[in-house]
> 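Once you've had a glance at the structure underneath, I'll fire off some questions.
So you know, we letter chains A, B, ... as the sequences are listed, proteins then strands, and number each from 1.
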Amino acid sequence: MYLPKKYSSQSLKPGDKMSIRFLERGTATAFIQKGPPRMLIPALTTAAVLIVLASGPAHAMHISEGILPVPWALFWFALSTPFLILGLRNLNARSKSEPHLKAMVALVGSAVFIISCMPIPVPTAGTCSHPCGTGMAAILIGPTLTVLVASVALVLQALFLAHGGLTTLGADIFSMGVAGAFTGYGVFFLLRKLGLSWFVAAFAAGLISDWATYGATSLALAAALHSDGSFSTMFWSIIVAFVPTQVPLGILEGFITAGAYSFIHTRRPEYLGMLAKGEAR
Amino acid sequence: MKKAIVAGSVILVLAIILGSVILNTKAEWSGVDETVVKKFAEEAGRPPAESLIRGDALLFFFLIAGAIGGFIAGYSFRGLFPPEGRISNPSNV
């Protein structure tokens with residue numbers, strides 16, 4: 001096949017990808033996707049190591065740095081890691097057969113990142129809190145991929161935004177990623193099985209996933225901090241403290257989830273079919 | 001009609017939030033990280049550690065993160081949901 005001179009072998013470097021799209025009447029177009037420059041990966045790795053070594057404890061939303069004792073921090077990491085591995089395997093497997101999946105994961109991931117660091121004032125409580133977006137993500141890309149995008153969002157927030165912490169990352173991934181995603185996904189499909197409309201199911205998925213996230217946060221805090229006191233007393237005290245803020249915010253998250261699902265259901269319903277095919281594997 | 005109801009509802013909710021923030025001068029509007037998590041952690045003797053990112057530097061990083069997140073979201077959105085004209089003519093996609 002004829003290859004234009006500007007795409008000669010000298011211009012291709014290791015890491016570059018070349019794809020050919022065949023058009024009508026025997027014509028074809030070649031695309032060359034340039035790989036990363038040679039110095040980019042070492043530079044990014046060095047920068048990441050420096051940031052990790054230089055970053056101090058963070059102090060903000062999610063569970064802040066320094067709150068969980070080391071054994072509990074390790075326990076939540078151990079609990080979250082299998083879900084993370086499952087998410088990576090699922091992404092690799094599904095992206096081979098679903099060309100739009102990576103773009104969808106990028107869109108949903110950035111939405112989760114933005115939504116989960118956006119403090120919203122709650123008039124009934126006089127405080128602020130953030131929705132999580134993981135219920136929405138779970139019904140759009142599946143719960144295991146939601147764990148993955150939530151983990152990426154939480155790592156970036158812990159490193160650059162003083163939002164959560166690195167030692168508490170396992171607990172934050174479990175509450176926002178695992179508990180939020182699997183609860184939202186389960187609620188959505190249970191309600192659909194019961195014959196409820198997709199709008200009601202999506203609303204309930206957003207609402208319950210938000211509450212499940214803060215329920216899991218309460219569990220992690222109570223388990224680590226109850227000391228000699230009663231675990232259940234501390235757990236319910238934290239739940240009650242979250243109620244004035246998270247009840248209205250959960251309702252808002254329900255509407256956000258139903259709105260996002262409604263938009264895709266109207267514009268490109270075939271993307272919603274990707275989930276049914278992918279998660280069945 | 002449906003769009004007008006949705007837009008009206010969104011404006012109403014935003015107006016209620018904005019109004020309450022402006023009118024309720026006593027509320028501090030601190031996050032649940034302070035009102036709930038920090039409170040229980042301090043009572044248990046494990047206060048959160050201080051952050052190295054402080055003051056307006058944090059605002060700067062939030063702005064940058066929002067801009068980058070918004071760009072990725074918009075770029076992926078346009079790939080997934082191209083304008084109607086491009087869908088009807090596949091050679092343009």
> Rounded to the nearest 0.5 Å, how far does OG of A:Ser129 lie from CH2 of B:Trp29?
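Answer for the CH2-OG pair, B:Trp29 versus A:Ser129, is 12.5 Å.
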> Taking side chain as C-beta onward, heavy atoms only, is B:Ile16 less than 4.5 Å from A:Pro123?
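Contact flag for B:Ile16/A:Pro123 side chains = yes.
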> Should we say atom CD of B:Glu42 is surrounded by more than 12 heavy atoms from elsewhere, each under 6.0 Å from it?
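Yes.
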> For A:Val105, which atoms come within 4.5 Å of any heavy atom of chain B: side chain, backbone, both, or neither?
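Neither part, no heavy atoms under 4.5 Å.
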> Between B:Arg46 (side chain only) and A:Leu225 (backbone N and O only), is there a donor and an acceptor less than 3.5 Å apart?
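Here the side-chain-to-backbone pair does not exist.
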> Would you please indicate if the ring centroids of B:Phe81 and A:Tyr271 are separated by under 6.0 Å?
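They qualify: ring centres under 6.0 Å apart.
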> Of all the heavy-atom pairs spanning B:Val36 and A:Ala241, show the shortest one and how long it is.
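B:Val36 and A:Ala241 have their closest heavy atoms at CG2-O, 3.6 Å.
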> Can you tell which part of A:Leu156 gets under 4.5 Å to a heavy atom of chain B, answering side chain, backbone, both or neither?
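No part of A:Leu156 comes within 4.5 Å of chain B.
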> Take B:Phe62 and A:Leu161, measure what side-chain contact (heavy atoms from CB on, under 4.5 Å) needs, and give me the verdict at the end.
CA-CA 6 Å; B:Phe62 264 85; A:Leu161 304 181; 3.9 Å; yes
> Under 4.5 Å from any heavy atom of chain B, what part of A:Thr127 do you find: side chain, backbone, both or neither?
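Contact with chain B: backbone and side chain both.
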> Would you name the heavy atoms of B:Pro82 and A:Arg267 that are closest together and state the gap between them?
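Minimum heavy-atom separation between B:Pro82 and A:Arg267: O-NH2, 3.4 Å.
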> What's the separation between atom OH in B:Tyr75 and atom OG in A:Ser110, rounded to the nearest 0.5 Å?
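Going from the OH atom of B:Tyr75 to the OG atom of A:Ser110 covers 13.0 Å.
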> Measuring from atom OG1 of A:Thr217 to atom CG of B:Asp33, what distance do you get when rounded to the nearest 0.5 angstrom?
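The CG atom of B:Asp33 is 11.5 Å from OG1 of A:Thr217, to the nearest 0.5 Å.
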> Could you grab the distance from atom NZ of B:Lys38 to atom CD1 of A:Ile63, nearest 0.5 Å is fine?
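Here the interatomic distance stands at 16.0 Å.
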> Looking at A:Ala162 and B:Leu58, what are the two nearest heavy atoms and their distance?
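It is CB-CD1, 3.9 Å.
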> Of all of A:Ile264, A:Thr245, A:Ile238, which one pairs up most often with chain B through heavy atoms under 4.5 Å apart?
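That would be A:Ile238.
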> Report which part of A:Ile114 has an atom under 4.5 Å of a heavy atom belonging to chain B: side chain, backbone, both, or neither.
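Side chain only.
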> When only pairs under 4.5 Å are counted, which of B:Phe40, B:Phe60, B:Phe61 shares the most heavy-atom pairs with chain A?
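Most heavy-atom pairs under 4.5 Å with chain A: B:Phe40.
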> Out of B:Gly79, B:Gly45, B:Pro47, B:Ala65, which one racks up the most heavy-atom pairs below 4.5 Å with chain A?
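Of B:Gly79, B:Gly45, B:Pro47, B:Ala65, B:Ala65 has the most heavy-atom pairs under 4.5 Å with chain A.
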> Relative to chain A, which of B:Leu80, B:Val37, B:Thr35 shows the most heavy atom pairs under 4.5 Å?
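Option with the greatest count: B:Leu80.
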> Answer with side chain, backbone, both or neither: which region of A:Leu221 has an atom nearer than 4.5 Å to a non-hydrogen atom of chain B?
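When you check distances to chain B, only side chain atoms of A:Leu221 fall under 4.5 Å.
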> Taking all non-hydrogen atoms of both residues into account, name the closest pair between A:Ala106 and B:Ile72 and its distance.
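Closest approach of A:Ala106 to B:Ile72, heavy atoms only: O-CG2, 4.0 Å.
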> Verify the ring-centre separation between A:Phe263 and B:Phe77: is it less than 6.0 angstrom?
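Yes, the ring centres sit under 6.0 Å apart.
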> Testing B:Asn24, B:Leu18, B:Val21 one by one against A:Pro121 for a side chain to side chain contact (heavy atoms under 4.5 Å, CB included), which residue passes?
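Only one option passes, and that is B:Val21.
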> Might you work through the side-chain contact (heavy atoms from CB on, under 4.5 Å) test for B:Val6 and A:Phe255, ending with a clear yes or no?
CA-CA 11 Å; B:Val6 172; A:Phe255 280 114; over 6 Å; no
> Output the distance between atom CD (B:Glu43) and atom OG (A:Ser237), rounded to the nearest 0.5 Å.
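That separation rounds to 9.0 Å.
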